[in-house]
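Report on the following structure.
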Amino acid sequence: MSLTRFDFSKLFELNVLVIESDPASGHQLKQSLIGLGIKKVELSRTAQTLINGEGTAPYDVIFLDDDAEPALAGIDLIELLLNQHSISPLCRLVVLSTATERQKYAVDYPFHQIDFLDRPCNKFHMDEQLKLHVRLKPFMDQILPLVHKRRYVDAFKLIGELQHRAGLDTPVSVLKLKAEMLLELGVCDAASALIKTACAKQQSWALWLQFLLDYEQGDLESCYSFLASSSDDLQPYQERKEVWQIYLALENEDYAAAFEIASKFPAAGMSTQITQLVQLVMMASGKAEQAIDLVERKRRLAASGFQFCALTVSLCKLLLFLMAQTTEQQRSSQLQTLLQQSFRQLIADKEASQFAAEIIWLQASLLAQAEGKEAAIAFLEKQKQHLSSMQMSVASQCHGATLMADLGKMNAAFDLLYLANKTLNRLPHSMHKVYAACVHQQAFHFIYAAAERGHIYAQMGLRHEKEGELRPAAQMYYKAFLAEPDDLAHQEHLANLLSQLKLSKFKTFVLDQFNQR
């Protein structure tokens, strides 16, 4: 069978799940699929079977009502299914949505097959999605498992073979996947050349990818120009553009600009990550009280479950931050009461086990307040082995680092920030990675004064280098160079790393220019 010839027998063999909260609509969708010849169709009114299931669900295509879980925004539901690996990357997730375009396209999902269908949708729309899945299946079933194992060299080789067989009929999705892998590896020029034609045709996926390539290469002028453009092709991505404007403002420590954008986000339908981003901006802008109000409102709407726990952790961290800034005794006492109440709600929730590390950090903070820093240090020493066995997120490791710094354990704070940077570098290039980088930078700036940051970044780079992690080492020495541009040692070390990596530049640092100085 040719790679590009459509095989109808494959269509009828698909294993399809429909998750639809409305029974009548769910029955109608199921009948439409049966009418299209799909033999294996399951219907569910809730996504809980996927969320609570062990392992990866065995479906080829899932049609998901993004209102299936009332306590979760549609984007949060998608994120939860992906983060818990409830859905295989080989599965096509088709989200049936009434959300606005700005909410749907606010997030990117590299290396996953996700699409949106606007409601009301009919069987012809569903048929298009099923046929698209069958057309891509010979490619994706072979490539994506390699990509998710980070076997990029094998994936490139396989794509080359498949392109040779398919010729001009190679799907755009395969070219996009290839470009995303080149971005992961930092081979920006090759990725840019690959998507040049698609960019000329103003295809939105390619325009966004070129933006990411410009960002990786430090071409911020092109980035700002792209984000300021009013192209019709990018209109659905308005919220994503605004989020990126915030990211760039945070990186530049322009908190006024970040707050101006963040304060205009509509609260209705705001995802957990957008809520946390706005909260981060408000904290950095000295608006912690507003941040508490925002998170409290979103937390009440969630009521319980994963989103509730995530927001409660955010609220507790906010309260601790504000308590450290407050000198008024009465206000401090009010915040203390709210903190203890929120912590009790967190540990009582059924999803609390997914936030085990955060709970330990918060418990230590409460101990430090009630019994003193020595009691908190003793508690954390007992939890040391337990913590080391956990796979913590960047945010959780940064939380631990700020706590350790507050307890006077600067070596432990450095270790956690270093581990957070390792975790960060393992994340696929996406908006989540950039958000995590913003969290890491904020924690770093909170712990270290401006005068010592260059030295600390260099220390972190040296540790990466000793572990053979040359690209993260270059990243840290580049930050050291930005923090202390007149320190020649940082530049020499960065130049040496680029030579080993066979790179001519790293963002704005050009090797030839340094060698010709």
Side-chain angles (χ1 to χ4, degrees), residues 276 279-280 283 288-289 291-292 295-296 299 308-421 423 439-440 442-449 452 456 459-460:
Q276 290 171 329
Q279 165 216 316
L280 183 67
M283 278 178 66
E289 294 277 7
I292 288 171
V295 175
E296 267 287 42
R299 206 171 68 99
F308 174 82
C309 289
L311 291 168
T312 304
V313 168
S314 293
L315 177 62
C316 289
K317 287 195 274 188
L318 266 169
L319 292 166
L320 285 166
F321 176 79
L322 193 55
M323 285 170 69
Q325 314 294 315
T326 302
T327 54
E328 186 189 338
Q329 185 61 41
Q330 185 179 356
R331 181 58 178 148
S332 183
S333 178
Q334 290 172 342
L335 294 170
Q336 173 80 13
T337 302
L338 183 54
L339 174 62
Q340 291 172 342
Q341 180 187 0
S342 301
F343 182 75
R344 286 195 296 271
Q345 291 170 343
L346 172 63
I347 59 176
D349 196 276
K350 62 183 186 298
E351 299 292 342
S353 60
Q354 298 191 55
F355 298 85
E358 285 84 350
I359 287 171
I360 290 173
W361 301 133
L362 290 171
Q363 207 166 348
S365 296
L366 287 167
L367 259 176
Q369 290 174 358
E371 300 177 28
K373 291 184 178 182
E374 290 304 318
I377 292 167
F379 167 75
L380 288 170
E381 191 60 35
K382 290 178 184 175
Q383 298 291 333
K384 195 172 183 178
Q385 192 172 351
H386 185 38
L387 283 166
S388 65
S389 67
M390 293 180 180
Q391 283 191 323
M392 285 185 264
S393 67
V394 173
S396 181
Q397 287 164 324
C398 289
H399 181 189
T402 54
L403 170 61
M404 287 300 186
D406 186 53
L407 295 174
K409 296 290 184 179
M410 297 307 294
N411 287 340
F414 178 88
D415 289 344
L416 281 162
L417 281 179
Y418 168 73
L419 290 172
N421 199 53
T423 305
V439 171
H440 188 270
Q442 289 300 311
F444 196 96
H445 288 189
F446 183 76
I447 293 169
Y448 299 108
E452 58 183 333
I456 300 297
Q459 280 189 318
M460 209 166 277

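Atoms considered below: every heavy atom in the structure, side chains included; atoms not considered: hydrogens, waters and symmetry mates. Everything numeric in this text was worked out from a predicted model, so none of it was measured.
Rounded to the nearest 0.5 angstrom, Q340 CD and L319 CG are separated by 11.0 Å. Between the OG1 atom in T312 and the CD1 atom in I347 there is a gap of 11.5 Å [rounded to 0.5 Å]. Going from atom CG of L280 over to atom CG of L318 covers 9.5 Å, rounded to the nearest 0.5 Å. How far OH of Y418 is from OG1 of T423: 10.5 Å, rounded to the nearest 0.5 Å. Once rounded to the nearest 0.5 Å, the distance linking CZ of F321 with CG of L335 reads 12.0 Å. Atoms CD and CD, on Q334 and Q329 in that order, are 11.0 Å from each other to the nearest 0.5 Å.
Contact check for L338 versus E296: side-chain heavy atoms found under the 4.5 Å cut-off. The shortest distance between side-chain heavy atoms of L380 and I360 falls below 4.5 Å. No side-chain heavy atom of V439 sits less than 4.5 Å from a side-chain heavy atom of Q276. Annotation: side chain of Q397 is not in contact with side chain of N421 (no heavy-atom distance under 4.5 Å). In this structure, the side chains of L362 and L320 come closer than 4.5 Å at one or more pairs of heavy atoms. Two residues are said to be in side-chain contact when any heavy atoms from C-beta on lie closer than 4.5 Å; W361 and L387 meet this criterion. A heavy-atom distance below 4.5 Å is found between the side chains of L417 and C398.
Contact detail for A288 and L322: the closest heavy-atom pair is CB-CD1, 3.7 Å. Contact detail for L407 and A368: the closest heavy-atom pair is CD2-CB, 4.1 Å. Heavy atoms only, all atoms of each residue included: A413 and A405 are closest at CB-N, 3.9 Å. The two atoms that bring S342 and C316 nearest to each other are CB-SG, 3.8 Å, heavy atoms only. Considering every non-hydrogen atom in both R299 and L315, the closest pair reads NE-CD2, 3.5 Å. Taking both residues in full, the closest heavy atoms of T326 and S332 are given as CG2-N, 4.1 Å, listed atom of the first, atom of the second, then distance.
Although no hydrogens or angles enter the test, the distance criterion places a donor-acceptor pair under 3.5 Å between the side chain of E452 and the main chain of A449.
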**Audit row: E358, S393, side-chain contact (heavy atoms from CB on, under 4.5 Å) steps and yes/no** = CA-CA 10 Å; E358 285 84 350; S393 67; 4.1 Å; yes

**Pair F308-K350, side-chain contact (heavy atoms from CB on, under 4.5 Å): steps then yes or no** = CA-CA 10 Å; F308 174 82; K350 62 183 186 298; over 6 Å; no

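Within 6.0 Å of the CZ atom in F379, the count of heavy atoms belonging to other residues, nucleotides or ligands exceeds 12. Within a 6.0 Å sphere centred on CD of Q385, heavy atoms belonging to other residues, nucleotides or ligands number 12 at most.
Shown are Q341, R331, Q369; of these, the side-chain contact (heavy atoms from CB on, under 4.5 Å) with Q336 is made only by Q369. Between F414 and the options K409, M404, M460, a side-chain contact (heavy atoms from CB on, under 4.5 Å) holds for only M460.
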